[in-house]
2 protein chains.
Amino acid sequence: MYQRKIPIDYNCGLNVAMEVVGSKWKFCLLDEISKGTKRPKDLVNAVNGITKRVLQNQLKELEFHGLLGKTIYTEIPLRVEYFLTASGESLMPLIVAIDKWGLEFAPQLKKILETED
Amino acid sequence: MYQRKIPIDYNCGLNVAMEVVGSKWKFCLLDEISKGTKRPKDLVNAVNGITKRVLQNQLKELEFHGLLGKTIYTEIPLRVEYFLTASGESLMPLIVAIDKWGLEFAPQLKKILETED
DNA sequence: TCATACAGTGATAAATTAATCACCATAATG
DNA sequence: CATTATGGTGATTAATTTATCACTGTATGA
């Protein structure tokens, strides 16, 4: 994992939150996992546009930060399932609210971005 | 402003939200402005670590996306004040919640990051 | 033996965001 | 004229995040 050169400000909750979930895919992944999609191969399909490699990276970070846990079933072919930890769960209400806000804001953003030519 | 090469998915609220507020400083800035800090020079002081140049960029983007508005007073020295638009205001409850979550999560993150040597 | 499904990694490049540093402009003040 | 306060920009580099592509490994079934 990348070793930060610019340190985190632990006294700013917003900073801390951004550090662990402020990326292109993490919110979507947590959301999808909370909806019941647990296996990597299913997540790749469920999350539009993400690639396998990027997915693995994001899952690893989320696990490292303690928002996700995983269970390995020694079946063949191998089965791995990710799940939300308590910390991950505690984030869900926020994710739902952000998603809702984003959907409401989408038309406005679309309009703004399409106007500037 | 940078012209995206990888397009936004307007159907994913989380994606949309990340596009407009998913950056190192935006949440902090909106938070600070909502608390009454309005002028650039005061924001530079209030937001720990941000530089003048970066501040101006972030303010410009927030204004462009319609989360902030600004008033120019033709005084000398020049006085400019930023304020939250309705869209910006609608985001505040979320920002407060995220900040709170981040503060609660901070000790856990600190521990994790300090352990890995 | 060859192909398939699944999870995962290494090396590298491309995209994106943030930081640096040096500037411009206005008008007041000494 | 030199300095100060305020807001702002341009060019460039550094930092960070995402994406690509090619692999490894296990066991199964054709």
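For clarity, every value in this text was computed on a predicted model and none was experimentally measured. A, B, ... follow the sequence lines: proteins, then strands. Residue 1 opens every chain.
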Within the structure provided, determine whether [X] and [Y] are in side-chain contact (heavy-atom separation under 4.5 Å).
| X | Y | value |
| --- | --- | --- |
| B:Val96 | B:Pro93 | no |
| B:Leu55 | B:Gln58 | no |
| B:Leu67 | B:Leu84 | no |
| B:Ile98 | A:Val21 | no |
| A:Val47 | A:Thr37 | no |
| B:Asp42 | B:Lys38 | no |

Please report the distance, rounded to the nearest Å, between [atom1] in [X] and [atom2] in [N].
| X | N | atom1 | atom2 | value |
| --- | --- | --- | --- | --- |
| B:Leu62 | C:dA18 | CG | P | 11 Å |
| A:Gln58 | D:dA19 | CD | P | 8 Å |
| A:Tyr2 | C:dA11 | OH | P | 17 Å |
| B:Leu55 | C:dA19 | CG | C1' | 13 Å |
| B:Gln3 | C:dT17 | CD | P | 11 Å |
| A:Ile72 | C:dC6 | CD1 | P | 17 Å |
| A:Glu61 | D:dT18 | CD | C1' | 11 Å |
| A:Lys5 | C:dT20 | NZ | C1' | 15 Å |

Can you tell me which nucleotide in [options] comes closest to the side chain of [X]?
| X | options | result |
| --- | --- | --- |
| A:Ile76 | D:dT28, C:dT9, D:dT16 | D:dT28 |
| A:Ile6 | C:dA15, D:dA15, C:dA7 | D:dA15 |
| A:Lys70 | C:dG8, D:dT16, D:dT9 | C:dG8 |

Pull out every residue in residues 77-85 of chain A that has a heavy atom closer than 4.0 Å to any atom of DNA chain C, ordered by number, or say none.
A:Pro77, A:Leu78, A:Val80, A:Tyr82
Base, sugar-phosphate alone, or nothing: which one does A:Lys26 contact when heavy atoms must sit under 4.0 Å apart?
nothing
Show your working on side chain to side chain contact (heavy atoms under 4.5 Å, CB included) between B:Ile72 and B:Leu78 and close with a plain yes or no.
CA-CA 8 Å; B:Ile72 301 174; B:Leu78 190 55; 4.1 Å; yes
Where along residues 18-25 of chain A does a heavy atom come under 4.0 Å from DNA chain D, residue by residue in number order?
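DNA chain D contact set from residues 18-25 of chain A: A:Ser23, A:Lys24, A:Trp25.
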Close residues, residues 41-54 of chain A, relative to DNA chain D [heavy-atom separation under 4.0 Å]
A:Thr51, A:Arg53, A:Val54
Restricting to non-hydrogen atoms, name the atom on A:Val16 and the atom on B:Gly102 that form the minimum distance, rounded to 0.1 Å.
CG1-O, 3.4 Å
Taking all heavy atoms of B:Val80 and all of B:Pro40, pick out the closest pair and write down the distance.
O-CD, 3.5 Å
Relative to B:Tyr10, does A:Lys110 satisfy both conditions: NZ or CZ under 6.0 angstrom from the six-membered ring centre, and within 45 degrees of the ring's axis?
yes
The residue among A:Glu32, A:Glu63, A:Glu61 that forms salt bridge (charged side-chain N to carboxylate O under 4.0 Å, His left out) with A:Lys26 is A:Glu61
Looking at A:Arg39, does any N or O in its side chain come under 4.0 Å of the phosphate oxygens OP1/OP2 on C:dA7?
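Looking at the OP1 and OP2 atoms of C:dA7, one of them is under 4.0 Å from a side-chain N or O of A:Arg39.
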Would you sort out whether B:Leu103 and A:Asn11 count as a side chain to side chain contact (heavy atoms under 4.5 Å, CB included), showing the intermediate values?
CA-CA 7 Å; B:Leu103 283 177; A:Asn11 296 112; 5.7 Å; no
Tell me every residue that passes side chain to side chain contact (heavy atoms under 4.5 Å, CB included) with A:Ser90, counting only those two or more places apart in sequence or in another chain.
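Expected list: B:Trp101.
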With B:Lys52 via side chain to side chain contact (heavy atoms under 4.5 Å, CB included) - residues at least two apart:
none
Rounding to 10 degrees, work out the angle separating the end axes of the helix from C:dT1-D:dA30 to C:dG30-D:dC1 (five pairs an end).
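Helix axis angle between the two ends: 30°.
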